[in-house]
Amino acid sequence: MQEYSSQAAYDRGEAVCVIGAGAAGLIAVKNLRENGFEVDCYERDTVLGGLWNPENQHSPLYPNTHLVTSRSQTEIPDFPMPDDWPDYPSSVQMLDYLKRYAAHFGLAEHIWYGSEISHIEPVEGSRFEVVVKPAAGSAARRLRYGAVIIATGHHWAPNLPSYPGQDLFGGTVLHSSRLGDGSRLRGKKVLVVGSGNSGVDIACEAAVNAASCVHSVRRGYWHLPKYLGGEPSDYALARLRRRPRWLRGLLVDRLLKGPRALADRMGITPPDHGHADEEPVRNGRYLEHVGDGAIDRRPEIARFEGGEVFFTDGTATRPDVVVFATGYRPQIACCPPKLLGIEGEDPYPRLHARMFSPHVETLAVAGLVEPGVGTLPIMHWQTHAIAHWLHIRKGDPERAVNFRQQVVAESAQYAVESTGVSSRHRLAVDAEEYLAGLGRIIDTLEQEPAQ
Amino acid sequence: MSLQAWVRRTRTPEPAPVEREVIVIEPMDLLDAEISDDPEASPVLCCTGESAGASAFNALWLKRIAGSGRHAAAVSVRGQGNTPAAPGGPDACAHDVVQAATGLPRQAVLVGHGRGAAWAALAAARYPAAALVLVAPRQMPKQPPKPVGAPRVLLAVGEADAQSKATQAVAGAYGVAPLTFAGDAAGVFTGPGAEGLLDAILSWLGNRD
């Protein structure tokens, strides 16, 4: 930090710095403003909407991306989507929705575009010094904030596997995030790797548009259609949560019997975890494409050899394009890893209640979970809790010390262990338990007398 | 809105969508050079319990609100005015009010009259209204839900109701003192006290802290 030391930081007082103007960032700004905070939101790109905006140069959208959770389970709790929208809105509608949210609550005036945060550093008084990466030709800016909320998401750093011989492969190899509009698949022989939601969606896209589609899957997933019993499946399953536990099990089994039998028939290994333990695959078309032979399912890749790809069962294919739909790694480059509880080689943060920094009380992360349900409500309740916490802290810093201990204890108690099975699913939490934990934290914060 | 209330709501069926009648008058529509749109002022969304729905506000209210530089809108909930009937009780009507509010360009002030006040109060628990105005409320929920985003609340009642138990209950729930206007609940749209009431509401809205 030597090069900045000659320049004094501009002090923004009790204002809060939000990093990222995607869904989580926008919701954070709105909830902070509602609690009376001044907010500066920094977005490295020139547009808002984060991963939902195809104009964002890093956008990971693939062709024809739709929500995999239904509208009523995905909309922001205090700003519902128009009720004449379809059950599963497209990414275009999702972006429109976020833009309307930003306009409705006047968020745009708090966003600084084209401003990447290169570094944040705690300074005395639990405050933060924030360094904004210089735009071409100008000096880096340093500012001081009362608190920082990191809302950069976790769909930016592609998780790319490497198989023997992959470097010498003659065809195209790309990550799902670089697929763009899908024209690269047209008329090609495509191999899709990865059986999560994006892998399955892209395999379906290739089944229709490509010359042939081979799908390499390493492990079993729960395959849910988008509708169960005439209702959006996430709603149908969530609704059963109101039933007593013993009855719920029976009803869920009955609801999932058909999809389970179909998955069996298509040779999908039954997963060894419950359907709520990690993000299930929600795609009604996939199994039908497997059934009509448009998608050829194979096991994991063993090696690349010349133009051929061999699988662990000894079979081979000769693809033109290999698409790795293998997900993302969380990457928060601007923050010292220790503050997020990152230790050693493991890139996964360990946060209190999956949002509060274990070391500094004015640092929080929004949206770094995979709850297996719509994430916008989770982000809303997270930032609602964070904003309330900062508000109470501002009102009476002394009392907040005791209070913090209470919140931390509460958080630790509800520090839901990840239920995810593969390493890519370390962010997975059980939505039911996590929301209950968030509810407890919010109740504790709100019950505190205002005086 | 509490997290628990939201969880409950996501696990019950959504009200059937209806094509809602929303009447909008913007300051520009008045074609009066003296009136200019105030971009800082929140839009105002009105609803009433009377069966005429949005059109009840057409004669006087919308024009006068727009005349103060605000985007003025009124919604007919299911079964009122030109909005088709659809099943659903007060919650479904509150849903209609929230949907109309989120369709406005900016965070809106919710104005509810009569039974519409109850719907506006329910809507304000789901949507962070810029302010909540309850005019001669009727059939309010016994324990009105806490509005989200802590909006300012104005309770306006007719002279006759000023001391009634129901008024005191609502005033107590929101911690506000009721504003009384001349005339009764039926006269708020056309009666002699209507203009005075409207001016009082607008000046209260104008008193931004």
Side-chain angles (χ1 to χ4, degrees), chain A residues 30-31 33-36 69-85 87 97 100-107 231-232 234-243 373-374 377-378 380-382 384-385 387 391 431-432 434-443 446 450, chain B residues 1-20 22 39-43 45 71 77-78 83-84 86 88 91-92 94-108 110 122-130 145-151 175 209:
Chain A
K30 181 253 171 199
N31 280 333
R33 297 278 309 152
E34 204 170 282
N35 277 279
T69 49
S70 66
R71 177 165 54 76
S72 71
Q73 311 292 304
T74 312
E75 62 196 12
I76 302 168
D78 62 2
F79 191 77
M81 292 186 191
D83 61 0
D84 56 355
W85 277 13
D87 288 332
Y97 176 58
R100 283 163 63 164
Y101 181 76
H104 198 85
F105 294 107
L107 306 180
E231 287 165 340
D234 52 353
Y235 169 70
L237 288 169
R239 212 156 65 105
L240 295 180
R241 304 257 196 190
R242 301 170 76 201
R243 309 280 184 172
V373 298
I378 301 275
H380 174 81
W381 295 116
Q382 280 187 328
H384 181 89
H391 184 71
E432 179 85 352
Y434 187 65
L435 277 171
L438 274 179
R440 289 284 284 270
I441 291 171
I442 292 170
D443 282 351
E446 287 185 348
Chain B
M1 148 194 44
S2 75
L3 192 152
Q4 288 79 8
W6 169 76
V7 168
R8 264 199 306 283
R9 186 148 52 79
T10 56
R11 292 175 186 179
T12 42
E14 244 191 340
V18 288
E19 207 175 306
R20 285 169 290 270
V22 178
E40 294 290 306
S42 309
L45 176 68
H71 183 109
V77 302
R78 48 200 62 213
T83 302
D91 273 329
H95 166 88
D96 289 334
V97 175
V98 172
Q99 284 284 328
T102 55
L104 296 177
R106 288 187 311 278
Q107 214 172 343
L110 298 183
L122 292 174
R126 304 182 181 182
Y127 162 81
K146 194 177 156 218
V148 287
D209 20 358

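Of all the listed residues (A236(A), S72(A), P82(A)), the one sharing the greatest number of non-hydrogen pairs under 4.5 Å with chain B is P82(A). No other option in D84(A), I442(A), L435(A) has as many heavy-atom pairs under 4.5 Å with chain B as L435(A).
Partners of D87(A) according to the salt bridge (Lys or Arg N to Asp or Glu O under 4.0 Å) rule, which considers only residues two or more places apart in sequence or in another chain, do not exist here. Residues satisfying the side-chain contact (heavy atoms from CB on, under 4.5 Å) test with P105(B), not counting sequence neighbours, are H71(B).
Contact check for D83(A) versus R20(B): side-chain heavy atoms found under the 4.5 Å cut-off. A heavy-atom distance below 4.5 Å is found between the side chains of R71(A) and E14(B). Using a 4.5 Å cut-off on side-chain heavy atoms (C-beta onward), F79(A) and P128(B) make no contact. The closest side-chain heavy-atom distance from Q4(B) to D443(A) is below 4.5 Å. At a threshold of 4.5 Å between non-hydrogen side-chain atoms, the residues Y127(B) and D78(A) do not count as touching.
A distance of 12.5 Å separates CZ in R440(A) from CG in L3(B), rounded to the nearest 0.5 Å. Rounding to the nearest 0.5 Å places OG1 of T12(B) at 6.0 Å from OH of Y235(A).
Minimum heavy-atom separation, G103(B) to R100(A): CA-NH2, 4.5 Å. Between R9(B) and P77(A), the shortest heavy-atom contact is NH2-O, 3.7 Å.
Using a 4.5 Å cut-off between heavy atoms, A101(B) contacts chain A through its backbone alone, with no side-chain atom that close. At a 4.5 Å heavy-atom cutoff, P15(B) makes no contact with chain A through either its backbone or its side chain.
Not a single donor-acceptor pair under 3.5 Å links the side chain of Q73(A) to the backbone N or O of R11(B).
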